[in-house]
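Here the structure is laid out as structure tokens; the discussion comes afterwards.
All ligand and atom numbering here is 1-based and tracks the order in the structure.
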Amino acid sequence: MPDQWLPPIKWAGDAVAILDQRVLPHREKFLYCSTPEQVINAIKTMAIRGAPAVGVAGALALALGARSIRTDDPKEFRQKFLKLCNKVKNARPTGANLGWAVEILYSIVVENPKAPISELQKLIVDRANGILEEDVAVNLRMGKWGREVVAKGARILTYCNAGALATADYGTAIGVIRAAFEEDPTLSVYSCETRPFLQGARLTVFELMRAGIPATLITDNAVGSLMSRGMIDLVVVGADRIAANGDTANKIGTYMVAVLAWTHGIPFYIAAPRSTIDQGLPDGSGIPIEQRDPGEVTSLNGKRIAPRGANALNPAFDVTPYKYISGIITEVGVLRKPFAKTIRKALQA
Ligand code: MRU
């Protein structure tokens with residue numbers, strides 16, 4: 001079933017094949033990475049993006065790295081692997097899934113102090129593959145839970161791209177929409193274009209069209225107008241990092257959408273796997289916000305639109321305070337307020 005989506009990352013023999021999202025929807029081109037550095041570069045340059053997909057890419061980068069460390073000395077292997085873990089973890093700062101995946105793989109080395117190198121390599125590669133496979137299973141479960149918040153015929157607004165391309169497959173927010181659509185083909189979606197990187201215009205609309213889900217592209221600044229005219233029934237978006245109290249970082253502009261939804265009494269849901277939750281952060285104030293090249297703001301599709309020398313600011317994410325969030329759809333159910341309590345319980349489930 002998920003095959004009709006676009007797995008953005010998979011093994012191709014000994015290489016990691018990454019669907020280059022920078023050239024979508026016009027070209028479907030794969031980058032074949034045979035070194036962890038190539039995967040790190042693909043993450044940094046947004047060839048692969050979306051917090052869960054970046055987590056999976058990090059895991060596969062470490063699998064490639066573990067296999068290629070050349071030494072007979074277990075101590076040296078551990079040191080080199082730790083160094084690589086740090087490099088991978090720092091590829092992008094905001095999404096929690098990357099650090100989560102790196103932690104899991106590094107703990108293999110810590111928890112098996114006596115294991116020979118060959119065994120560690122096998123454990124790391126197997127676990128990385130587990131992270132890839134589990135992500136799809138988790139999204140399918142999230143979709144089933146999420147269906148319950150989607151009323152018949154709902155006109156759903158989504159932001160950025162939280163689809164198959166942002167995960168190992170199927171998607172989080174779009175996974176929920178897809179699951180709901182299977183039961184109710186009358187629902188429809190508004191996708192915000194999502195300046196400056198245009199994930200909504202390029203990727204979300206592309207995915208929804210492929211799935212046959214009615215989709216309408218709108219500019220980001222049309223959201224308030226549509227809501228005030230009663231054209232939106234529900235908002236479902238993904239997340240990059242969720243603090244212990246439910247404050248949620250997602251693509252820049254999400255906060256704006258959440259406040260507008262609150263103002264118009266429209267339910268606003270986050271769909272995210274538990275690997276996006278950062279229990280170490282009591283609230284959203286500590287979430288690191290990636291600052292990207294201002295050139296992404298001063299130009300569009302590589303063409304300069306602002307005067308030469310214009311100043312620009314390009315925070316890639318913002319934080320939506322939990323107050324504006326109606327619920328968090330996870331693979332273990334839809335979490336409601338008080339999130340501090342329901343999140344804690346969900347992490348123990
Ligand atoms: O900068 P991006 O494209 O990686 O940002 C992606 C988002 O903000 C997504 O909404 C989020 O990662 C959730 S994807 C399931």
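- Shown here is Lys75, whose NZ atom has no more than 12 heavy atoms of other residues, nucleotides or ligands within 6.0 Å.
- Counting heavy atoms closer than 4.0 Å to ligand 1, residue Cys160 contributes side-chain atoms (C-beta onward) but none from N, CA, C or O.
- Atoms of ligand 1 found under 4.0 Å from any heavy atom of Ala162, numbered from 1 in the order shown, are 14 (S), 15 (C).
- The residues Glu111 and Arg127 are annotated as not salt-bridged, no charged nitrogen and carboxylate oxygen being separated by less than 4.0 angstrom.
- Nearest to atom 1 (O) of ligand 1 by heavy atom, out of Lys251, Arg49, Met142, is Lys251.
- No side-chain heavy atom of Lys89 sits under 4.5 Å from any side-chain heavy atom of Cys85.
- For Thr94, the closest heavy-atom approach to ligand 1 does not fall below 4.0 Å.
- With respect to atom 10 (O) of ligand 1, the closest heavy atom belonging to the protein is Asn250 OD1, 2.6 Å.
- Thr172 OG1 to Ile177 CD1: the interatomic distance, rounded to the nearest 0.5 Å, is 9.0 Å.
- A 6.0 Å sphere centred on NZ of Lys337 holds more than 12 heavy atoms belonging to other residues, nucleotides or ligands.
- Residue contacts with ligand 1: Gly95 is excluded, as none of its non-hydrogen atoms falls under 4.0 Å.
- Scored by the ring-ring contact (aromatic ring centres under 6.0 Å, His included) test, Trp145 finds no partners at all (sequence neighbours excluded).
- To the nearest 0.5 Å, atoms NZ (Lys251) and CZ (Phe197) are separated by 8.5 Å.
- Considering backbone and side-chain atoms together, Arg92 places an N or O closer than 3.5 Å to an N or O of ligand 1.
- For atom 13 (C) of ligand 1, the candidate residues are Ala271, Gly171, Ala239, Gly163; the nearest heavy-atom contact is made by Ala239.
- Counting atoms of ligand 1 from 1 in the listed order, those under 4.0 Å from a heavy atom of Asn161 are 9 (C), 14 (S).
- Protein heavy atom nearest atom 14 (S) of ligand 1, with residue, atom name and distance: Ala166 CB, 3.4 Å.
- Under a cut-off of 6.0 angstrom, the local environment of CG in Asp72 is sparse, with at most 12 non-hydrogen atoms contributed by other residues, nucleotides or ligands.
- Close contacts between ligand 1 and Met46 involve ligand atoms 1 (O), 3 (O) [criterion: under 4.0 Å to a heavy atom].
- Among the atoms of Phe317, none of the N or O lies under 3.5 angstrom from an N or O of ligand 1.
- Membership of the apolar cluster around Leu281 extends to Ile287, Ile289, Phe317, Val319, as traced through chained side-chain contacts below 4.5 Å between ILVMFWY residues.
- At a heavy-atom distance under 4.0 Å, no atom of Thr254 approaches ligand 1.
- A parallel orientation is assigned to the rings of Phe81 and Phe77, their planes being inclined by less than 30° (bins at 30° and 60°).
- Annotation for ligand 1: atoms under 4.0 Å from non-hydrogen atoms of Gln199 are 1 (O), 2 (P), 3 (O).
- Looking at Pro52 next to ligand 1, no N or O pair under 3.5 Å apart turns up.
- The closest protein non-hydrogen atom to atom 15 (C) of ligand 1 is Thr172 OG1, 3.1 Å.
- Among protein heavy atoms, atom 11 (C) of ligand 1 sits closest to Asp240 OD1, 3.2 Å.
- Ligand 1 has no atom lying under 4.0 Å from any heavy atom of Glu290.
- Using a cutoff of 4.0 Å between basic side-chain nitrogens and carboxylate oxygens, Asp20 and Lys29 are scored as salt-bridged.
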